[in-house]
Every structure is written in C-alpha cells, then in structure tokens.
Amino acid sequence: MQFDQSKCSVLKGFVTIKDGCAHVVPAAAVDLYFCSVSPGPCGGRLSTRTMLGRTLREVSAALKQGHITPTELCQKCLSIIKKTKFLNAYITVSEEVALKQAEESEKRYKKGHSLGDLDGIPIAVKDNFSTSGIETTCASNMLRGKGYVPPYNATVVQKLLDQGALLMGKTNLDEFAMGSGSTDGVFGPVKNPWSYSKQYREKRKQKSHCENEDSNWLITGGSSGGSAAAVSAFTCFAALGSDTGGSTRNPAAHCGLVGLKPSYGLVSRHGLIPLVNSMDVPGILTRCVDDAAIVLGVLAGHDPKDSTTIQDPVKPFVLPSLTDVSKLCIGIPKEYLTPELSSEVRSLWSKAANLFESEGAKVIEVSLPHTSYSIVCYHVLCTSEVASNMARFDGLEYGHRCDIDVSTEAMYAATRREGFNDVVRGRILSGNFFLLKENYENYFVKAQKVRRLIANDFVTVFNSGVDVLLTPTTLSEAVPYTEFIKEDNRTRSAQDDIFTQAANMAGLPAVSVPMALSNQGLPIGLQFIGRAFCDQELLTIARWFEKQVQFPVIQLQELMDDCSSVFENEKLASVSLKQ
Amino acid sequence: MAAPMLRLCCPGRRWALACIDGCSRHRRGAPNGCTSSRKRGQSSVAQQPFITAQKPRKGEHEWAAVVGLEIHAQISSKSKLFSGSQVHFAAPPNSLVSFFDASLPGTLPVLNRRCVEAAVMTGLALNCRINKKSLFDRKHYFYADLPAGYQITQQRLPIAVNGSLVYSFCAGKNRSQVINKTARVKQIQLEQDSGKSLHDDLRSQTLIDLNRAGVGLLEVVLEPDMSCGEEAATAVRELQLILQALGTSQANMADYEIQRQINELENGGEILNETRSFDSKLGCTIPMRDKEGKQDYRFMPEPNLPPLLLYDTESLPAGADPQQVIDIDRIREQLPELPSVTREKLVQQYGMLPEHSFTLLNEVGLLEFFQNVMKETRAEPKKVTSWVLNTLLGFLKQQNLAVSESPVTPSALAELLNLLDRKAISSSAAKQVFEELWRNEGKTPAQIVSEKKLELMQDQEALEQLCHAVMEGHPQVVMDVKKGNPRAINKLIGLVRKATLSRADPTVIKEILEKKLAS
C-alpha cells in the first residue's frame with residue numbers, strides 16, 4: 001500500500017476507549033484496510049489510519065485524549081476521499097473549509113476547551129442541505145447550472161458546525177432526492193463501497209461466473225447514497241441524509257450502516273431543500289447506534305425557523321444500557337411479509353425475532369391493515385408537494401436560466417425543461433394533475449385520508465402494548481447497477497420504499513441496523529419503528545440488537561490494493577475509473 | 001386596499017359578472033370572488049334598487065346590481081407575515097428581502113404574531129366569529145413577482161368568518177336622515193402580498209422589486225349585499241376608518257387607490273356586463289382574458305405551518321407562555337372605539353348634525369383637529385364645527401392639503417374663535433385673521449388683530465360721531481328712511497361700517513342710527 005508513511009508515524013500512545021459500542025473494529029480489519037501498523041518508537045501505538053475505521057465515539061475519545069489531532073484526522077479523511085473518488089460519493093469536497101475548521105478545533109483541544117463529542121470529527125452532508133458559501137446542487141442542473149451557493153446554513157448543518165464538526169463535503173444523491181438508488185442525479189450514480197469489499201469479492205470468486213468485475217458494481221440505494229458511501233468508505237464518521245420515504249434507511253441497509261430517521265418534528269428542516277415537507281426528516285448515517293444517538297443529541301430540538309419542530313425541550317440523548325429485554329414487546333407486522341421479500345432477508349428477519357424471543361422479549365404478530373395502500377397514497381402526496389415545492393425554480397431568483405427571452409412564460413418553460421430531469425418533471429406533472437380543482441377531492445384529499453388511516457394503524461398497534469416494530473428495511477441486498485436500471489425510477493421507488501415510507505407517513509422514528517451479510521457477502525439491515533418522539537427508546541433497543549448481532553466491518557483492502565497503483569497518479573485514476 | 005369585485009346580477013335568466021380590479025397584483029383575481037351569484041326573479045335581489053343606467057331591452061328582465069367586495073388591506077406591522085424583513089414604503093428596491101421572501105430553497109415560513117393579532121382584532125371589530133383553529137393554504141400561479149410560485153393564504157379555514165360591516169350614509173332633502181346598511185362579512189383571511197413588477201417597455205424588460213413580497217394582508221370578503229356603487233364606496237370607506245381606528249392597517253397606503261376605486265364604484269353601477277379588470281395605467285376597465293378567469297390555482301395545504309390555534313380565557317392552557325398563545329378575550333378588551341361610536345358621541349355631546357360627524361371622521365386627522373380646538377376655546381361647538389368644516393376644510397381642499405399640513409394650528413384657530421366669541425372682532429374680521437394665519441407668518445391671531453387694527457370699535461362716542469357724520473353727508477338716504485323705506489337704514493349702516501374699516505359691530509351701529517333718526 002502506498003500510504004504516506006510520515007503520517008503513519010504520528011503515534012500518541014494508547015487509545016483507551018470504553019467499550020460502550022458493539023461496533024468495534026477488529027484489529028485485523030483495520031490492518032487490512034490501512035496498512036500494518038509500524039510499531040512506533042514506544043511500540044504498540046495506534047496510527048491515525050487505524051482511527052479511520054473506528055466509530056465516532058471512539059475517535060472522539062481519542063481526540064480528547066490527544067492521541068490524534070483534528071488536522072491529522074481531517075487530512076487522512078481527505079486522502080481517503082481522493083482515493084475513493086471513483087465511488088462518486090461526493091459532489092463537492094470542501095477541503096479548505098474542513099482544514100480550517102480542523103485548525104480551529106485543534107486550537108480548542110490545545111486549550112482544553114473542546115466543544116463536545118463532535119469537535120474535530122469529520123462529517124459529510126447530503127447535497128440537498130443548504131451550506132453557507134458552499135455550492136449546493138441537489139444533483140440537479142437547475143441549481144448546478146449557475147452554481148447556486150446558499151447564503152445560509154441549514155439549522156442541522158449549523159448545529160454540527162457549532163459543535164466543532166469538520167465539514168468534508170457535500171454528498172451525491174438522486175436529483176432533488178427523488179429516487180431509491182442514488183443513480184438518477186446529474187453527477188452520475190454512486191457506487192457501493194461493498195462492491196469492492198473483500199467479503200463480497202471472495203464470494204463472487206467462489207461463484208466463478210465472475211465476468212467483468214468493474215461493470216458489476218452495486219448501487220448504494222438512495223437517495224442518500226452518497227452519504228452512505230462516504231461513511232461506509234471511511235471518508236467521515238457520520239453523514240447527514242434526508243429521509244422522505246426511506247432515503248436514509250435504504251442506503252444504510254445496503255451499505256452496512258446505521259440509518260436513523262428521527263421523529264418528524266424532532267429535528268429542524270430549515271435549510272433542507274424539500275422533497276415532501278410533511279414527510280421530510282434529516283437523517284443520520286453512522287457506523288453504530290451510539291454514534292447516531294450522539295448526532296441526534298446535537299441535532300434534536302425546537303428551531304424557531306421551523307414551525308413544525310416540537311416546542312418541548314429535548315433531553316440529551318444518552319442511551320441507557322439495556323441488558324434485559326424481557327419487558328419488551330416486539331411487534332412483527334404481518335403485512336410486511338410480501339412475496340417480493342427475498343428469502344434471505346426473510347430468514348434474517350425471523351432470526352432477529354427469535355433472538356428477541358430467546359432473550360425473553362414478547363414477540364407478537366401485529367397488523368397494519370392499510371399498509372398496501374401506502375405506496376400509492378405516498379405517490380399522490382409526494383408528487384403533489386413536489387409540484388408545489390418545485391414551482392420556485394423558475395430561473396428568476398437563482399439557479400439555471402435558459403437563453404430564451406421571448407416571453408417570461410417561454411423562459412419558465414425552457415428553464416424548467418433544461419433544469420429538471422425526467423423524474424422530477426414527471427413528478428411535477430402528476431402532482432399538478434392531482435392538485436387540479438377537479439381532481440383534488442378524488443386524489444389529494446383521499447390520499448390524506450388514507451395517510452390518516454396508516455398513521456392510525458401504528459397508533460393502534462403501539463396502544464396495544466407494542467414497544468417497537470421489527471421489519472425488514474429493504475426487499476433484498478444491494479443489486480448491481482446494470483440490474484437496477486432495468487426498471488425505471490418510479491417502479492424502483494415504489495418497490496424499494498415499501499417497508500420504509502409508512503414511517504414517514506406517520507411521522508414515526510425508525511432506524512435501520514445492519515444485521516448480517518448475505519450469501520453474496522453483502523449487508524442486510526433490519527428496521528425498527530418506534531413510537532412518535534420515543535427516539536431514545538428506539539435507539540436503546542436498536543443498540544441492544546446491534547450488540548447481539550456483531551455485524552462485521554467492511555474490508556476494503558482489495559479495493560485499495562487494486563487501485564493503489566493508479567491512485568498514485570490522479571490523472572490516470574480519473575481515466576481508468578470513468579466508466 | 002384594493003380589488004373590490006363587482007358582481008352584477010340579473011333576477012332573470014341572464015346574469016353578469018363584473019370585476020373591477022385594483023392593483024396589478026390582483027389581475028389574477030381570486031376565485032372565490034368570481035363566483036356568480038345568480039338569483040331568480042323572486043329573490044331578495046328583486047327588491048333591491050335597480051341600477052337603471054342600462055335600459056332593459058324590450059321583453060327582458062331589468063338588471064339589478066349586486067356588489068360584493070374583496071378588500072385587501074395591508075397590515076400595519078414592523079415585519080412581514082412570514083419573515084423578519086421590515087415593512088417600509090419607498091425603501092430602495094429589493095432592500096427589504098429576506099431569504100424566505102426571495103424563496104431561497106429550504107427556507108420556511110414563520111408566522112408573525114402581530115399579523116395574527118391584527119386579523120383577530122379586525123375580525124372582532126367586524127362582529128366575526130373568530131375561528132380558534134385556522135389553516136394556511138398554498139395558491140399556485142406562475143408570476144414573476146411571486147418568487148415561490150405560490151402565495152400562502154387561508155382558503156379552507158380562514159381566521160374569521162360570518163361578520164357584518166355596518167355602514168351609514170346621510171340621505172334626504174338636507175342629508176339629515178341617516179340610513180344604516182349592513183353588508184355581511186363572509187370571511188377575513190391572512191395572506192401574503194406579492195412583489196412588484198415594473199415593465200420597461202422600451203427595453204422589453206421586467207424589473208422585479210420584492211420589498212412588498214410577503215407583506216401581510218388582510219383580505220376582507222364582503223358578501224354581495226350592496227346594491228350600487230355608492231353603497232360599496234361607503235362600505236369601503238367605513239372599513240377603512242375601522243381599520244385605521246384599530247391600527248391594524250393604515251389603509252392609507254393608497255388614498256389615491258381608494259379614491260380611484262370609490263370613483264370607479266360610483267360609476268360602477270353602470271353597464272358592466274362582462275368580467276372586466278381595471279387597468280390602472282389605461283385608467284379604464286378592460287375585459288379580463290379568459291385564461292386568467294379560468295386559472296386553476298391548485299390549492300394545497302401549506303405543510304410547513306401547523307394549524308393556527310387561538311384561545312379565549314376559558315380555553316387558555318394553564319401555564320401557557322403568553323408569547324406563544326393568543327387570547328381572543330384579551331384582544332377584545334383592548335379594542336378601541338369604533339368610528340360609528342365616535343360619530344354617535346359627537347352628535348350626543350355637541351349636538352352636531354350627523355352629516356357633520358361623518359365629514360369630521362372621513363378626513364384623516366380632522367376629528368383630532370376639531371377636538372383640539374374644542375379643548376382650547378370657549379366658542380360654541382356649532383361655531384367650531386362650522387369653522388372647521390367650512391373655513392378650514394375649504395382652504396385645505398382648495399390647496400389640496402391634508403389636515404396635517406394645515407398652516408393654521410388648532411391652537412391658533414381656538415384663539416381666533418375666542419376673540420370672536422368675546423366680540424373683540426367681527427365675523428368678517430375673523431375671516432381676515434384666518435387668511436393671515438393661513439399665510440403662516442408666525443403671528444398669533446391677537447398680533448394680527450392689533451397690527452391690522454381689526455378690533456371692534458368699543459368707543460361709543462367716536463361711533464356716534466361717525467354715525468352723525470354719515471347722516472350729515474347723506475341727507476337723501478336719511479330722507480328715505482324717514483319716508484318709511486326700511487331698507488334705507490342698511491345703506492347707512494354699511495356706510496358707517498365702511499368708515500370704521502369694518503371694525504364696528506353692525507348691531508351697535510344700527511342702534512345708534514335708529515336713536516339718531518328717531519330724535
């Protein structure tokens with residue numbers, strides 16, 4: 001491996017971390033991914049590289065204890081970002097900003113005035129959150145055209161920065177977050193880091209029909225695929241996604257991460273460029289449940305700029321350790337057992353149920369009778385709000401504007417035709433159809449009524465004593481890109497959101513936790529859905545589960561081996577990696 | 001204030017819809033104002049006075065005018081309805097525009113408490129039912145000065161409904177008979193104003209100023225209960241006075257606009273049998289394009305604003321943060337005196353003619369001027385009313401000045417009226433003093449009187465000598481009087497007055513003359 005050895009020698013003594021997190025990186029994996037730790041002068045110390053594979057909580061402890069500095073950490077992440085550029089996880093890498101933030105963080109640590117757990121921690125933000133001074137594109141020509149640079153930070157971004165987090169960059173997505181593959185953005189698809197993992201490659205070799213390795217890369221899921229890939233490939237320790245129908249949980253499941261969709265109203269949407277205002281929630285992608293709780297603790301709370309956030313003060317998100325699950329009642333919604341569900345996911349799901357049961361929890365089958373109407377109902381509500389939200393992109397105030405100036409109307413039409421892709425235009429068209437006076441009652445109002453029924457389904461189940469629902473997150477593990485694009489965006493979105501979007505309809509907190517690898521060596525996640533505003537309880541249960549299943553860490557050394565030679569030459573890398 | 005809508009309605013088979021449109025932004029109209037009110041022959045409409053400007057064609061029904069109004073009043077507030085930008089007139093273009101006003105993606109509306117209070121207050125003053133829960137909606141249309149592509153309004157469940165606006169006017173021979181009328185208030189809704197488009201025809205460009213975009217408006221929807229333009233104009237005027245009294249809207253941002261609309265409404269009873277919109281540039285009504293009339297606004301609930309909840313003393317949650325809740329009963333307690341009550345009081349307190357009370361209120365600041373004069377003078381209220389309404393207002397009108405611009409202060413007028421009251425000067429001298437005051441040379445009435453020697457001659461002896469001299473000088477007239485011509489004495493009085501430079505009281509002169517003639 002061709003790492004910069006000078007950095008490798010920055011050793012500052014042992015890292016002592018309380019093992020509060022189940023997701024500990026096995027030493028072997030760290031060695032494999034990075035490089036064998038050359039023993040420092042004192043011997044046995046960990047290098048900065050080994051830090052990268054660790055969880056946010058662990059690295060935060062290392063920063064506090066001075067085993068590593070924010071600048072070292074930042075530079076390391078930047079180098080990984082460069083090395084994994086072909087994943088297409090980032091649209092914008094804010095290298096200068098991150099290094100400057102790291103410098104400031106370092107000063108604070110030197111003075112012993114760290115801002116908290118996130119001080120000096122590299123994070124990434126989905127490119128549909130407004131970032132002051134940093135271009136924000138939504139992966140759309142509409143905003144990229146003129147290089148839209150927001151003059152303000154989204155509240156969640158500001159909160160992370162206020163805690164001293166380092167903003168590494170803006171991550172890729174489906175255009176305006178409309179999609180479930182991270183394949184339909186103007187910057188091209190995001191590649192799933194697991195495509196290059198040792199776990200997956202070994203399985204493929206066994207199956208001998210290994211044709212062209214590179215053309216068989218997998219999708220990340222979406223629409224927050226860039227954020228998922230960024231965390232999964234160790235370029236940062238946490239990333240913000242957005243979740244409207246499953247856009248955080250779906251890629252989390254495909255990339256072996258924890259993906260949290262908080263309760264609607266718990267986290268501010270101010271600055272999140274909306275898809276569906278009544279369902280959008282900023283999502284959190286991390287390597288373990290504890291990390292998600294730390295980030296949620298920073299983000300949660302009332303925002304005077306978002307009237308839909310709850311007024312009640314939010315308590316800090318310290319997860320109590322849960323050892324006894326015997327008082328828990330886990331609900332298994334029978335409607336989620338669909339024929340499309342892959343047998344592997346299905347068997348893992350029942351394995352998880354058995355796990356709870358064997359530890360004394362009460363596991364019962366429950367019914368959410370209106371589940372089957374959820375997708376079509378979501379389609380009507382989503383497209384209607386999309387039609388409305390997209391109306392502001394007219395080429396006048398910001399973003400792309402076409403050259404046509406015959407009339408204002410002609411300018412609007414051409415601007416919007418050029419600025420939006422087919423998926424966005426299609427949704428605008430159907431949304432406007434549903435909102436027409438003659439259709440409003442038959443579509444929009446009906447869909448709202450069905451939404452109410454779906455929300456009531458959950459209320460009924462939770463009122464019956466169920467603490468948390470356990471469901472699959474996705475139908476199957478991640479599929480190859482070539483496979484994925486055989487169906488159009490609409491079909492894919494409808495299929496892939498099937499288990500996730502009901503939680504958005506009802507505003508409930510939900511988290512996807514990676515459980516195990518499939519036969520192909522790819523991650524499979526399961527979803528927990530909790531009571532509204534019981535995010536802490538939900539995460540406590542998720543953490544217990546995480547500890548039981550001991551999901552393996554992604555082993556990316558093959559990727560690094562394969563690419564190490566080309567990585568040395570940036571130009572060559574960009575040629576060989578463009579497919 | 002703008003966009004009254006006229007609805008003409010025929011009791012028979014045919015109906016007409018007329019829309020006089022105010023500012024440019026309302027050319028898009030509002031759908032709920034465009035609904036036709038088609039009534040049959042026996043309906044109440046038939047009993048309403050007909051507008052006969054258009055002669056009915058043979059064999060057809062007569063036309064009755066029914067006027068409904070949608071009035072947009074800008075709320076007096078420091079900041080906009082959903083953003084923190086300031087509200088100001090005549091600020092440099094695009095200097096009062098927040099990220100939200102410019103519809104930057106990701107920005108969200110935050111409701112301005114002051115605007116809600118203004119709406120509740122207006123609702124209470126117009127006898128409305130205040131909805132304890134109201135909702136916001138998006139109304140979509142593409143227009144260059146509407147940055148978000150939709151306007152946030154209250155279509156489904158507005159903040160106040162089912163009220164009434166009582167307005168009165170004077171009628172009869174001497175306009176002494178006060179007629180009270182009531183127009184039902186359908187609803188009051190909160191909504192955003194749009195920006196301004198300035199068309200540069202020379203360069204075929206449109207310039208956009210977003211300073212006004214997002215300013216809070218109260219839309220007051222009046223049912224078509226008015227039967228002619230004059231009624232509608234009076235109703236609008238009364239509403240304006242109410243809003244000003246409440247302080248919820250200055251309602252003077254466009255006195256010109258109101259006056260124009262009032263004029264338009266007064267002519268408006270005439271022959272508007274198609275949907276027309278008022279073009280402020282051409283200064284006339286033009287037929288509205290079909291397309292605009294049929295525009296589908298694709299209303300949708302505003303998902304970023306939770307339902308607006310209001311409370312009264314009973315429903316107020318215990319321990320609620322007063323900054324976060326609005327108590328309708330508290331607002332009710334703070335309601336100021338409404339114009340109808342003020343007028344009633346003027347009539348009671350000063351024995352004023354009702355029509356005078358109307359005039360006093362209709363001119364901005366005139367009532368206050370009157371009351372300030374009253375505070376400082378011993379003159380009869382009737383005299384003060386006459387001076388304020390005839391002399392002062394006459395001078396103001398002649399020079400097209402507002403009351404606040406009057407060169408004569410209430411104190412000066414009060415002092416002048418005091419001089420008149422204690423007969424220190426004559427009425428005609430008082431007029432002269434007023435004219436001097438109007439020139440505004442910084443002199444008090446007393447100074448003017450002494451400089452111009454306008455005091456009444458109090459010296460009886462001197463006056464008798466003058467009378468004597470006049471009689472001596474005009475023996476023919478004296479003869480006439482003595483021959484029994486009663487009018488001849490007036491000539492003598494006039495001559496004496498002239499000799500005194502109008503400084504003598506004519507009654508005193510008459511007394512002296514009569515005495516001398518009789519002797």
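Protein chains get the first letters and strands the later ones, always in sequence-line order, with residue 1 at the start of each.
Proximity to chain A is limited to the backbone of B:Pro109, based on heavy atoms less than 4.5 angstrom apart. Interface remark: A:Phe393 contributes side-chain atoms only to the contact with chain B (heavy atom separation under 4.5 Å). The contact between A:Leu396 and chain B is made entirely by side chain atoms (from C-beta outward), counting heavy-atom distances below 4.5 Å. Using a 4.5 Å cut-off between heavy atoms, B:Gln324 contacts chain A through its side chain alone, with no backbone atom that close. Using a 4.5 Å cut-off between heavy atoms, A:Gln311 contacts chain B through its side chain alone, with no backbone atom that close. With a 4.5 Å cut-off on non-hydrogen atoms, A:Ser388 touches chain B through its backbone and its side chain both. Neither the backbone nor the side chain of A:Pro150 comes within contact range of chain B; no heavy atom of the residue lies under 4.5 Å from a heavy atom of that chain. In this structure, chain B has heavy atoms under 4.5 Å from both the backbone and the side chain of A:Asn432.
Ranked by heavy-atom pairs shorter than 4.5 Å toward chain B, the options A:Tyr398, A:Tyr148, A:Phe129 are led by A:Tyr398. Top candidate by heavy-atom pairs under 4.5 Å with chain A, chosen from B:Ala148, B:Pro105, B:Ala144, B:Pro306, is B:Pro105. Looking only at heavy-atom pairs under 4.5 Å with chain B, the residue among A:Asp280, A:Thr408, A:Leu436 that has the most is A:Leu436. Of the listed residues (A:Glu438, A:Arg416, A:Met279, A:Met411), the one with the most heavy-atom contacts under 4.5 Å to chain B is A:Arg416.
Atom OH of A:Tyr152 and atom CG of B:Leu104 lie 6.5 Å apart (nearest 0.5 Å). Rounding to the nearest 0.5 Å gives a distance of 10.5 Å between CD of B:Glu302 and OG of A:Ser278. Atom OG in A:Ser307 sits 9.0 Å away from atom CZ in B:Phe82 (nearest 0.5 Å).
Side-chain contact between A:Lys305 and B:Leu108 is absent, with no heavy-atom pair separated by less than 4.5 Å. Side-chain contact between A:Asn389 and B:Arg138 is present, with heavy atoms from C-beta onward closer than 4.5 Å. Looking at B:Tyr150 and A:Arg392, their side chains come closer than 4.5 Å, going by heavy atoms from C-beta outward.
The two residues A:Phe444 and B:Pro301 make their nearest non-hydrogen contact at CE2-CD, 3.4 Å. Residues B:Ser103 and A:Glu397 share a closest heavy-atom pair of OG-OE1, 4.4 Å. Of all heavy-atom pairs between A:Leu435 and B:His140, the closest is CD1-CE1, 4.3 Å. Counting all heavy atoms, side chain and backbone alike, B:Pro147 lies closest to A:Asp394 at O-OD2, 4.1 Å. The two residues B:Asn304 and A:Thr308 come nearest to each other via the heavy atoms O-CG2, 3.6 Å. For the pair B:Met300 and A:Ser384, the tightest heavy-atom approach, listed with the atom from each and the gap, is SD-O, 3.8 Å.
By the neighbour-count criterion of 12 heavy atoms within 6.0 Å, atom NZ of A:Lys146 is densely surrounded, having more than that number from other residues, nucleotides or ligands. Counting heavy atoms of neighbouring residues, nucleotides and ligands inside a 6.0 Å radius, atom CZ of B:Arg330 does not exceed 12 of them. For CZ of A:Arg425, the number of neighbouring non-hydrogen atoms (other residues, nucleotides, ligands) closer than 6.0 Å is greater than 12. Within a 6.0 Å radius of CD in B:Gln86, other residues, nucleotides and ligands contribute 12 heavy atoms or fewer. Summarising the local packing, CG of B:Asp321 is surrounded by more than 12 heavy atoms from other residues, nucleotides or ligands at distances under 6.0 Å.
Using cut-offs of 30° and 60° on the angle between ring planes, the pair A:Tyr412 and B:Phe142 is tilted.
Judged by distance alone, with hydrogens and angles left aside, the side-chain atoms of B:Asp296 form a donor-acceptor pair with the main-chain N or O of A:Lys437 at under 3.5 Å.
Remark: the B:Thr107 side chain and the A:His270 side chain contain no N/O donor-acceptor pair separated by less than 3.5 Å.
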